[in-house]
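These notes are about the structure you will find just below.
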Amino acid sequence: MKVSINWLKKYVDIEESPEALASDLTMFGLNVEGVEDLGADYSGVVFGKVVECGKHPAADKLSVCKVDVGGAKLLDIVCGAPNVRVGLSVAVAVDGAVLKDGFKIKKTKLRGEPSEGMICSETELGIGTDSGGIMELDLELDAGADLSGLLGDDDVILDIEVTPNRPDQLSHLGIAREIAALYKRKLREPETFALEPEEVYGIDIEDPEDCPRFSAAFIDNVTIVPSPEWMQKLLLSAGVKPISNIVDVTNFVLMELGQPLHAYDRDRLAGESIGVRRGHDNETIITLDETERKIDPDVLVIKDQDGSVGIAGIMGGADTEVSDKTTRILLESAAFGPRTIRRSSQSLKLDTEASYRFERGSDVSGTVKALERACWLIREIKAGIPETACRDFVAKPEAVEKTKITLRIAQANRLMGTHLDGDDLSSLLERLALDCEVSEDEVIVIVPGFRRDLKEEVDIIEEVARLYGYENIGREEYLRGNVFSKISTVDKRNEEVRSFLASRGFAEVITSSFMNMEDPDRMGWSESDFRSRPIRLENPLSVQQSAMRTSLIPGMLRVISRNAPAEQEGIRIFEMGKVFLPVNGGESLPDEQVHLTAMLSRTAVPAQWIDQSREVDYFDMKGELEYLLDRCAVRSELQIQRNKEEEPAYIYNWLTKGKIIAISGVIPSSVLKNYEIESPVHFFTAIMDVMHGAGFEEPRYSRLSPYPQVKRDLCVVAQERVTFADIRRVIEKRAKFLESIRLFDYYQGEALGEGRRSYTFSLGFRSRDNTLDDGAVDKVIQKVLNSLQRELQVTLRRME
Amino acid sequence: MNNKGIDRQTLEELEQTAVRELGEASDIGAIEELRVKYLGRKGSLTLSLRSIGSLPAGERPAMGNLINEIKGKLSGIYSARLEEISANIGDPEPFPGDHALPGRVFSQGGLHVLTRVTRDIKEIFFRMGYSLAEGPDVELDYYNFEALNFPEDHPSRDSQDTFYVNRDILLRTQTSPVQVRYMEKNDPPLRIISPGRVYRNETPDPSHAAEFHQIEGLYVDRNVSLADLRNDVTFFIHSFFGPDVKVRFRPHFFPFTEPSAEVDMECFGCRGEGCSICQKTGWIEIMGAGMVHPNVFKYAGYDPDSVTGFAFGMGIDRIAMLKYGIDDIRRFLANDIRFLGQFWSGSWAGVQD
């Protein structure tokens, strides 16, 4: 809401500077977002007299002048205007002045001659279009007099952020009322022309909820001409374009009191009655802006005897619009249901100053007062002669009744942390024109019609706190009980996992929760795959952001793609974030799962002088995942199965107790191509919810054995169908005293024969009770070998 | 060794060789090998001793003594040498070239700046007694608006351009829905913070993003007051931005709190003088706050006459931008490695002792 300080001064004294006022209002809850000084562009522009004027020695078209600006010394100014001459009164921009276009005046030299300012033309001052020469001032002032007030408008505009609960502040009077309360000053109500409600016109309201009140005034002998300059100036400063005297009066009252008015050419209304009803389907109306609008039952319309003549609370119709020929006017001042107007405005996709106020709630009790004000103005500016009789129809009587709110004194103090008594409270509230009745424990507050936002006790407490000053509320006593914080284990573990991966050399990324509906196709997910059927948005920003992600992978591939030109040798990134899995076909809230995805690409170790660089491979990724699972104490046995549905892609499911805890693999090159990535990408995804269930056990201490470890190397040969995991499982199950097991060699090749592989383990044995001798270890190894032979047909190749 | 050939001269030669070899051995492996060769279970001296039975009975004691004598002597040398070598495992070969060459480089990584800032904020509130609570990103209209006292068809909903999934489901526009969700499941007193992602249907520009992050705070107890709110919020700002930063509370409107406030802190760019960071106001808006509206308590099933509470909310991205002078909110989700890497080194330096 743009308010003019000059306009505000009509209703309340303002002594403060605009900056101080802005800051005080901000602290009072009216956030001033901008202060625009309409005169500011002329600061540094002063009245001057040309005392001497001669030709520039080096330039034909320039003159060298001496100008009196009231200082001890005349200013040297080089001027290019043809009309400059001795004795001329001029506007001089002195050193430091900043002109409209941001041009800053500095002392300088022009073609070798000093110039200490500028004699201005109309264009340079931004007040006219004559750039042919300097402006010749037709007035006599002291040399050096400040011209900013004369040249510009000396008004200052405040841009105030009005919150949706305070429609009363959408007017100059409303803001003035706040200023009066803030500074404890008197509010001057604007002058009015007294109207007498009589049954002079028919009014027909279909539904009192849609239109609780409809008032109308009548003006005769209307002459349509432009409104006076003072009115135009104030309207312009509030951002409203002047049109004609009658329309300007309605807009003036709108900006002054916040009550939208509409003027009808009374001779173009059919019959002696007007009314309000819902629109009919297939009805159309041409509005003031010459646009044909389709009406439906969500839209509220104004009707005369023949049909609809305007859209209620939003915009009038073109047919009954005030024109040059208008001589009689019906002035409408009504109140409409906020929800109705909001629906109506949304349905038509049309919002106006009027609808903005009505949907926030107008002052139902103030409709006649607004008419009285408009009539006074019309008479004052001689735009017409108002009739004393008006028509006022109250369809919903309770809407104009004053409301009372009980404020419990103890509750006010409890919520604010203050110690105010009933008189303190009432004297604060009365500053806002809220009448109070004080009793021992309570204050009864009588709420005027323009403050319908005050509905209950807490609303009143807020007003008290605001008037008392938030800054004056200190911590007088500390009343809180003991509320100790609990540690969220899930959050703590997730943070630990993040730190772990960061220290493993992964860069954490945080990507968008949205996915592109083209992602399923690019990823090669089948149509029946749940990942291809994400939650969709009804009103997305773009197709790229039209659904909620079902996987972190597409977003992370985009990160890799985007970072490709960044000369990154190796890519190691991870993200821990939510994916949104549809439930109940997307009709319910989705299952929000936290996934951790890591990706590795290009070089495994940076190229450097001391070691060879190499490409990332499957086992780099697998090692990181295994290390992570180990760190997260996922101790239960894991099964790794190739995902058949994703074949030929190499995607593996890691299962624990039948649940997928992680997925790992290689992004197929066909997918990489779609994301414009040129190097292979290995990835794993850990399902954090499953991780939390399967791992993160507390560490356990076990007594350390004082006896030495015995080491044995064991090399076995297996058929292709047997895996490392099978062999290790058998060894771990059968080997008594086994303390450590590590695979340190693997071979497949001609020497072994086709379909055979050899695995060499380093096994460490230790007993808690004694030093193991060779015999005991030999026995264990034999047992292991027997089991390997029996269960897996794995045979001994060599033992050391 | 030929058993029959056991004689004094052979043994003496063997002794000399062994002594020489032990003296030459330069590492533990070699010493160990020599021990096995001479003194081990199958070593030459052990074998000699076993073969003593083949000698005439009269020669046996002398020869036995000799062998044991040599064995003792070699054991002694072995132990001494072992100790000598162990004590001096040998310095690694000094590098003969440029000592200024860089050490081995590992892959570099680190946490996202938003993770770091979120952690720092959480840490402060955890110390103050706040616990963590979380809520869904895809949320019911009920929790995001209705239960927070935003009436249906009310202009207060306009301030938050909303992404809708359908009539009842939307992407949360604020972390405040967690308030009612948490109060429904927990009895007072309670003190929680809730960080998370929020969504606004806004065209992105340097200071607006469609996805950003907030942290919500809620404290409900028997007699929580506006004074307590000022206390907690001021403590947080002083902990995060420094103890001398001025803080002010300015009346404002939020449907779900009353009285409501916007909290400003003194601009760190100009210390309140007015600069481009604070748009010449000297103040930077840092969070919204207020006393929980009685209607919100009613929706949560609390009796507004028996408890009071405060709530506050702030933008994590905004705080990170302020703290590090980041000029464009869209940097956070763009994940340019050059951007991410700027926040890997260094650590929390919010408040010095």
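So you know, we letter chains A, B, ... as the sequences are listed, proteins then strands, and number each from 1. It should be emphasised that the depicted structure is a prediction, and the values quoted were computed from it without experimental measurement.
In this model, no donor atom of one side chain and acceptor atom of the other lie less than 3.5 Å apart for B:Thr308 and A:Arg414. For the residue pair A:Ser499 / B:Arg119, a side-chain donor-acceptor distance below 3.5 Å is found, with atom types taken as modelled.
Nearest heavy-atom pair, B:Pro259 versus A:Ala465, reported as atom, atom and distance to 0.1 Å: CG-CB, 4.0 Å. Closest non-hydrogen pair, B:Ser225 versus A:Gly417, comes out as CB-N, 3.4 Å. Smallest separation of non-hydrogen atoms from B:Ser131 and A:Lys486: OG-N, 2.7 Å. Across all non-hydrogen atoms, the minimal contact from A:Tyr470 to B:Ala261 is CE2-CB, 3.2 Å.
The side-chain hydrogen bond (donor to acceptor under 3.5 Å, both in side chains) search around A:Asp24 returns A:Tyr183, not counting sequence neighbours. In this structure A:Ser512 satisfies the side-chain hydrogen bond (donor to acceptor under 3.5 Å, both in side chains) test together with B:Glu211, sequence neighbours excluded.
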- request: Check the pair B:Glu258, A:Asp459 against side chain to side chain contact (heavy atoms under 4.5 Å, CB included), reporting the backbone distance first and the verdict last.
  value: CA-CA 7 Å; B:Glu258 189 160 20; A:Asp459 300 328; 2.3 Å; yes
Pair B:Val105-A:Val605, side chain to side chain contact (heavy atoms under 4.5 Å, CB included): steps then yes or no: CA-CA 8 Å; B:Val105 177; A:Val605 283; over 6 Å; no
query: Do A:Asn563 and B:Arg338 pass the side chain to side chain contact (heavy atoms under 4.5 Å, CB included) test, and can you show the C-alpha distance, the side-chain angles, and the key distance before you say yes or no?
result: CA-CA 9 Å; A:Asn563 279 295; B:Arg338 294 168 302 162; 6.0 Å; no
message: Walk me through whether A:Ser513 and B:Arg197 qualify under side chain to side chain contact (heavy atoms under 4.5 Å, CB included).
response: CA-CA 9 Å; A:Ser513 299; B:Arg197 181 171 286 187; 2.7 Å; yes
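A:Thr418 OG1 to B:Leu226 CG: the interatomic distance, rounded to the nearest 0.5 Å, is 8.5 Å. Distance CZ/B:Phe126 to CD1/A:Ile487: 8.5 Å, rounded to 0.5 Å. Interatomic distance, CZ of B:Phe254 versus CG of A:Asn165, reported as 11.0 Å (0.5 Å rounding). Here the straight-line distance linking atom CG of A:Asn31 with atom NE2 of B:His252 works out to 7.0 Å at 0.5 Å rounding. Between atom CD of residue A:Glu538 and atom CG of residue B:Asn166 there is a gap of 6.0 Å, rounded to the nearest 0.5 Å. Rounded to the nearest 0.5 Å, atoms OG1 (B:Thr115) and CD1 (A:Ile510) are 4.0 Å apart.
In this structure, A:Glu508 contributes its side chain and B:His112 its backbone to a donor-acceptor pair below 3.5 Å. A donor-acceptor pair under 3.5 Å links the side-chain atoms of B:Asn201 to the main chain of A:Asn539, judged by distance alone. Between the side chain of A:Trp609 and the backbone N or O of B:Pro102, at least one donor-acceptor pair lies under 3.5 Å.
Note on A:Glu471 versus B:Arg248: no salt bridge recorded, every NZ/NE/NH1/NH2 to OD/OE distance being 4.0 Å or above. Using a 4.0 Å cut-off between charged side-chain N and carboxylate O, B:Asp336 and A:Arg562 make no salt bridge.
With a 4.5 angstrom heavy-atom cutoff, B:Thr234 does not touch chain A via any of its atoms. Contact annotation for B:Arg230: only side-chain heavy atoms (C-beta onward) come within less than 4.5 Å of a heavy atom of chain A. Heavy atoms of B:Trp283 lying under 4.5 Å from chain A are absent altogether. With a threshold of 4.5 angstrom between heavy atoms, B:Asp305 approaches chain A through its backbone and through its side chain. There is no contact between B:Glu134 and chain A, counting heavy-atom distances below 4.5 Å. For A:Glu457, no part lies under 4.5 angstrom from a heavy atom of chain B. Of the two parts of B:Val307, only the backbone, made up of N, CA, C and O, holds a non-hydrogen atom closer than 4.5 Å to a non-hydrogen atom of chain A. Heavy atoms closer than 4.5 Å to chain B are found in the side chain of A:Gln411, but not in its backbone. The part of A:Val559 that comes within reach of chain B is its side chain, from C-beta onward, which places non-hydrogen atoms under 4.5 angstrom from that chain. Looking at A:Arg343, the atoms closer than 4.5 Å to chain B (heavy atoms on both sides) all sit in the side chain, from C-beta outward. For a residue to count as touching a neighbouring chain, one of its non-hydrogen atoms must lie under 4.5 Å from one of that chain's; by this rule A:Glu463 does not touch chain B. Proximity to chain B (any heavy atom under 4.5 Å) is shown, for A:Ala547, by neither the backbone nor the side chain.
When each of A:Glu161, A:Glu495, A:Met576 is scored by its heavy-atom pairs under 4.5 Å with chain B, the top score falls to A:Glu495. For the options A:Val32, A:Leu501, A:Asp491, heavy-atom pairs under 4.5 Å to chain B are most numerous at A:Asp491. Ranked by non-hydrogen atom pairs under 4.5 Å with chain B, the options A:Val458, A:Val464, A:Leu537 are led by A:Val458. For the set B:Ser260, B:Gly282, B:Pro204, B:Ala334, the entry with the most heavy-atom pairs within less than 4.5 Å of chain A is B:Ser260. Per-residue counts of heavy-atom pairs under 4.5 Å with chain B were compared for A:Ser485, A:Gly29, A:Ala22; the largest is that of A:Ser485. The candidate from B:Thr162, B:Ile169, B:Asp137 with the greatest count of non-hydrogen atom pairs under 4.5 Å with chain A is B:Asp137. Options A:Thr603, A:Leu30, A:Val490, A:Ile610 differ in how many heavy-atom pairs under 4.5 Å they form with chain B, and the most are formed by A:Ile610. Here B:Val138 is the residue among B:Val138, B:Val113, B:Leu132 with the most heavy-atom pairs under 4.5 Å with chain A. The residue among B:Leu140, B:Asp264, B:Leu340 with the most heavy atom pairs within less than 4.5 Å of chain A is B:Leu140.
Between B:Phe163 and A:Phe514, the ring planes lie perpendicular to each other; the angle is over 60°, past the 30° to 60° tilted range.
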